[in-house]
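Report on the following structure.
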Protein chains: 2
Amino acid sequence: MVESKITVEKREIDNPVIETPSVTVDIVIFTIKDDELLVLLIKRKANPYMDTWAIPGGFIQVREKLHEAALRELKEETGVQNLFLEQLYTFGNPDRDPRKRVITVAYYALVSYDRLKPKAGCDAKEVNWFNVKDLPSLAFDHSEIISIAQERLCSKLDYSNVVFQLLPKEFTLTELQKVYEIILDRKLDKRNFRKRILSMNLLKETNKTKMEGYHRPAKLYSFKEDLHN
Amino acid sequence: MVESKITVEKREIDNPVIETPSVTVDIVIFTIKDDELLVLLIKRKANPYMDTWAIPGGFIQVREKLHEAALRELKEETGVQNLFLEQLYTFGNPDRDPRKRVITVAYYALVSYDRLKPKAGCDAKEVNWFNVKDLPSLAFDHSEIISIAQERLCSKLDYSNVVFQLLPKEFTLTELQKVYEIILDRKLDKRNFRKRILSMNLLKETNKTKMEGYHRPAKLYSFKEDLHN
DNA sequence: TGAATAGTGTCTTTCAGACAATATGCC
DNA sequence: GGCATATTGTCTGAAAGACACTATTCA
């Protein structure tokens, strides 16, 4: 913010052409399907990294907040608007984009798979969900961004209810536990999990049950509030 | 990263002139002196916010990493190079700078007061340390940045040893506790504090002691490693 | 009644927090 | 001895983790 004389002089010496960096917003969009944690990727149609998979993103518009830019991108790709979205980190190494200096403010989001819009409507973009454990080679530093997002997501589980975004309105405790297990990539003890979750006092018991197969049906729960962070 | 047709079109409609945002790095520099948590501020000598206090910062140079830019700013202001420095958050509301769109990647740092360079050598900048509890009115959204930095610092205390940056190489447990108390802004129980800190196994007992007044001298400790996060 | 999942309780360990007496050094 | 700070341990309550049996539904 403060314009230091020293800075300006150095810039002019190092780089006579005034070159301002571009700023983009990129989003790691997570969902869960078939017991796998998935990330949304888009195949690039232009250089650099033509035909390489990348996380969705784009330049910020002049009058828009960073968070709004992220929401916009998110909506373009998934059709979803209300969900968990949080700033992750800003990546700005000078060589992360071979063309020119591009600084990206990375966000991550959680989307319930069944709220997604039918895939890729009008635009011809190639879009796909990939298992985080089995990602293709990615453009730019997007691999790093995803792995940092994944770490952050894991640590968020401990002290927040973000994960509720990944579930339908009503769900069983087993389904909830499954989501935790998929994200953390390890098994949890059923009794301890239920004890902990219920003691958080975020869940509301409905009087419905869910039958799935020839066995005892499970109670359905919902969230008390829509707070999600 | 991905250049979406939709995005480009919208930008052209909303704003025919291509206007790229500027990117700065701003730093909240904390230190402790006389039992107070201080923040370094600089009085602006240009508009906007001429003569208003602000946290130090500046434009990033074309070939420099974000972290390096923060280090450079930090060194310019404090003369200190090796310390705790961490990215805090990126602030980019379109109206945070009245001139034009400026996005700032905020960092925060901890500096031991006695490693600081003698204040403001050659440059005529007006620089000063302020108690975080008694800050003047600040330029831009710098108040918000500082308060977020302060929150982050508090929560970092629980699970890291960042605070060790604020102490000389060798220090007593009472001094260490004082630093915690100043940052958290509350008293801690001496026995519980010592129990917890020592159980972290980060401290090395030296065989020196420190006399200060007419009473029992205290053992000096140092850190086992230079890891600081 | 068999198959399949839902649902539940106890014990142990660990950690945080409340709380007060003794030790050491110098005047 | 007096003063001032350093140093130390116990108890209690809460939370996390290990661990196994009963309940319910339908074929």
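FYI, side chains are in, hydrogens and waters are out, and symmetry mates aren't considered; it's all heavy atoms of this structure. In what follows, chains are A, B, ... by sequence order, proteins preceding strands, each numbered from 1. Here the structure is a predicted model, which is why all the values come from computation and not from measurement.
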Can you give each donor-acceptor pair under 3.5 Å made by side-chain atoms of residues 34-42 of chain B, sequence neighbours left out, with the distance rounded to 0.1 Å?
residue: B:Glu36; atom: OE2; partner: B:Asn131; partner atom: ND2; Å: 3.3

Identify the two heavy atoms, one from B:Leu74 and one from B:Ala109, that lie closest to each other, and give their separation to 0.1 Å. CD2-CB, 3.9 Å
Tightest non-hydrogen contact, residues B:Ile32 and B:Ile182, listed as CG2-CD1, 3.8 Å
Before you tell me yes or no, could you show the steps for A:His142 and A:Arg96 under side-chain contact (heavy atoms from CB on, under 4.5 Å), namely the whole-Å CA-CA distance, both residues' side-chain angles and the distance that decides it to 0.1 Å? CA-CA 10 Å; A:His142 289 188; A:Arg96 59 181 294 282; 4.2 Å; yes
Sequence neighbours left out, what passes side chain to side chain contact (heavy atoms under 4.5 Å, CB included) with B:Leu202? Give chain and number order. B:Asn161, B:Phe164, B:Met200
Among all residues two or more places apart in sequence or in another chain, which pass the side chain to side chain contact (heavy atoms under 4.5 Å, CB included) test with B:Ser147? none
Using 0.5 Å steps for rounding, measure from the [atom1] atom of [X] to the [atom2] atom of [Y].
{"X": "A:Ile29", "Y": "A:Leu110", "atom1": "CD1", "atom2": "CG", "value": "10.5 Å"}
{"X": "B:Thr24", "Y": "B:Phe91", "atom1": "OG1", "atom2": "CZ", "value": "11.0 Å"}
{"X": "A:Leu184", "Y": "A:Leu157", "atom1": "CG", "atom2": "CG", "value": "5.0 Å"}

Taking five pairs at each end of the helix from C:dT1-D:dA27 to C:dC27-D:dG1, what angle separates the two helix axes (nearest 10°)? 20°
What residues in residues 174-186 of chain B put a non-hydrogen atom under 4.0 Å from any atom of DNA chain C? none
Where along residues 193-212 of chain A does a heavy atom come under 4.0 Å from DNA chain C, residue by residue in number order? A:Arg194, A:Lys195
Applying salt bridge (Lys or Arg N to Asp or Glu O under 4.0 Å), can you list everything that pairs with [X], at least two apart in sequence or on another chain?
{"X": "B:Asp185", "answer": "B:Lys133"}
{"X": "A:Lys65", "answer": "none"}
{"X": "A:Asp114", "answer": "none"}

Name the first nucleotide and the last nucleotide along DNA chain C (5' to 3') that come under 4.0 Å of a heavy atom in chain A. C:dA3 to C:dT10
Using salt bridge (charged side-chain N to carboxylate O under 4.0 Å, His left out), reason through A:Arg72 and A:Glu76 one step at a time and then give a plain yes or no. CA-CA 6 Å; A:Arg72 177 176 49 80; A:Glu76 282 173 18; 3.5 Å; yes
Which nucleotide span of DNA chain D, 5' end to 3' end, has atoms closer than 4.0 Å to non-hydrogen atoms of chain B? D:dC3 to D:dT10
Take B:Arg216 and A:Asn192, find for each the nucleotide of DNA chain C with the closest heavy atom, and name the residue whose nucleotide sits nearer the 5' end. A:Asn192
Which residue lies more 5' along DNA chain D, comparing B:Asp189 with B:Pro217 via nearest heavy atoms: B:Pro217
Strictly under 6.0 Å, is that where the ring centroids of A:Tyr89 and A:Tyr108 end up? no
Taking side chain to side chain donor-acceptor pair (under 3.5 Å) as the definition, give me every residue that meets it alongside A:Lys204, ordered by chain and number, with sequence neighbours left out. none
